[in-house]
Amino acid sequence: MSIQLYNTLSRRKDPLAPRDPKNVRMYVCGPTVYDFAHVGNARPVVVFDVLYRLLRHEFGEDHVTYVRNITDVEDKIIAAAKERDEPIDGLTARTTQAYHEDMAAIGTMEPTHEPRATDHIPQMIAMTERLIERGHAYAAEGHVLFSVPSMPEYGRLSRLNRQELIDGARVDVAPYKRDPADFVLWKPSTPEQPGWDSPWGRGRPGWHIECSAMSAEILGEHFDIHGGGQDLIFPHHENELAQSVCAQMTAPDSGQPFANIWMHNGYVVANGEKMSKSLGNFFTVRQLLEEGVRGEVIRLALLSAHYRQPLDITREKLVEMKAQLDRFYIALGHVADVPLSDVALPEDMLAALSDDLNTPEALAVLHELASDLNKAAAPAEKARLKGALLGAGQLLGLLQADPEVWFKGTAAGGLDEAEIESRIAARIAARKAKDFAEADRIRDELVAERIILEDRPDGTTDWRRK
RNA sequence: GGCCCGGUGGCAGAGUGGUUAUGCAGGGGCCUGCAAAGCCUCGUACGUCGGUUCGAUUCCGGCCCGGGCCUCCA
């Protein structure tokens, strides 16, 4: 099935035509590790995780290379370390680990490669030197700047022209810039700031060069998909594109694109405004997890809207997502004893995801499968639908938990299983004795403990935590 | 100021030039000792004003409203 993806560069859906179907290559901008990931940061991770799963299904598990970097040198890191009086290494290591834990909790697979900026300083220096040699960059007062006027195509991705950038500038132009639109590739470090020796003195890279250097190193100078949040379109991706194209070793100036398709997910919003650290209107994945919101609930919420649309994560939405997952797991729990049949993924599921990752449509398919499963009577039909639901869920990174664990897993402060089972036994005895008042009393007690009972036709009683 | 997105039923959220999105919540029914779960069923939505069309929520234009970007940001 042909995969169509909305390309920020062309502003339309373009068919994905990998340069090498045996090695489909995707680069997604990862975190700058100075603080916990908020829900907005988690969105691209989940979105591109679904794309990664789709690509692996389409081209084969061994034929997709997914790179997501860790930016561990950046001025915000320096500032955060200073503010907390914590060594930079400790801060970045701790934050990276928390990031890994949080992203695993929301069901994301690990990328094929996760390069760190600080491991690629020589490559960044080499790329910067090449840009100077080619007249696309110049050194000034310990800085190296990319010369925007040297690249006529600059601004194509963000659809901003140089004059507009200058007119709309919100910051003062540094005096060493030849052109107000020029941006930093390398900047000097004071003795207390992290720095590396370079032809321009001890310093550190600018914000954009690490992705150019690392993508070229791992994926090569031309690859298939480059992704990130919409807020990276400008300046980060525009500048990255400029550097990468101008520094290409193979076929320089050939007009060959750096990445064929640029994808950008929409913002997570709060009360209609973009969630961001600078506005302070964010909550972290970790906070939600600690409040008892399950990772899968957060994941479903992030997939509940199309990835390019704004997404408001509210308490109400999280409650609804939990209810939706309960519906799936109840359906799966009812066929727990049905052997899993190995079936092809539903075509309409693949069609939905192949159409620019239409996850709401894919979720509708999932719900239809659950309804069909609930209605199925024949064992073969149950097995087929169970397999289809689990397979389709796997493509979205959902429904992979054991229903028993989903419903009966430990609840902090809740009744333990033995206690619940003993009360259920007492209730069954009361029902057998037609003492329904007692049976209902026990059930009401359990409901107060957030335990829901479900009497089965065979006389047994199943339960789940609400 | 320039450039982008959006405005769909109570809520969330896809989509389409004419025919059911889907889910949550709600009403009715079946099932059940009663529930739960499930099944059946109901509500008749597309900001606004024009235009194109046999027919527009869907295409075009104006307007109103909301959000974003214009070198911190996923």
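The sequence lines fix the lettering, A, B, ..., with proteins before strands; numbering per chain opens at 1.
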Only pairs at least two apart or in different chains count here, so list each salt bridge (Lys or Arg N to Asp or Glu O under 4.0 Å) that has a residue in residues 379-389 of chain A.
A:Glu381-A:Arg384
Expressed in whole Å, how much space separates the C1' atoms belonging to B:U52 and B:C64?
23 Å
Whole-angstrom distance between B:A21 and B:G61, as gauged at atom C1':
30 Å
For the pair [X] and [Y], find out whether any cationic side-chain nitrogen is under 4.0 Å from an anionic carboxylate oxygen.
X        : Y        : value
A:Lys82  : A:Glu192 : no
A:Glu449 : A:Arg423 : no
A:Arg464 : A:Glu454 : yes
A:Arg441 : A:Glu438 : yes
A:Lys76  : A:Asp35  : no

Residue [X], side-chain atoms from C-beta onward, closest of [options]:
X        : options             : value
A:His367 : B:A74, B:G23, B:G15 : B:G23
A:Tyr267 : B:C69, B:A21, B:A37 : B:C69
A:Arg443 : B:A35, B:A74, B:C39 : B:A35
A:Arg327 : B:C24, B:G33, B:A14 : B:C24
A:Glu454 : B:C70, B:U22, B:A37 : B:A37
A:Leu311 : B:G13, B:A37, B:G15 : B:G13
A:Gln324 : B:U22, B:C34, B:C24 : B:C24
A:Lys76  : B:G33, B:G23, B:C72 : B:C72

What is the pairing partner of [N], taking Watson-Crick or G-U wobble pairs with both distances under 3.5 Å in any strand?
N     : value
B:A21 : none
B:G1  : B:C70
B:C39 : B:G29
B:A14 : none
B:C59 : B:G51
B:G6  : B:C65

Indicate whether OP1 or OP2 belonging to B:G23 is found under 4.0 Å from a side-chain N or O atom of A:Lys317.
no
Looking at B:C39, I'd like to know if its phosphate oxygens (OP1 or OP2) sit under 4.0 Å from a side-chain N or O belonging to A:Asn374.
yes
Whole-Å distance between B:C70 P and A:Leu232 CG?
11 Å
From CG of A:Leu357 across to C1' of B:A14 the rounded distance in Å is 14 Å
Which residues, if any, of residues 302-309 of chain A bring a heavy atom under 4.0 Å of RNA chain B?
A:Ser304, A:Ala305, A:His306, A:Gln309
When the ring planes of A:His226 and A:Trp262 are compared, do they come out parallel, tilted or perpendicular, using 30° and 60° as the limits?
parallel
Give me the ring orientation class for A:His236 and A:His208: parallel if the planes are under 30° apart, tilted from 30 to 60°, perpendicular past 60°.
tilted
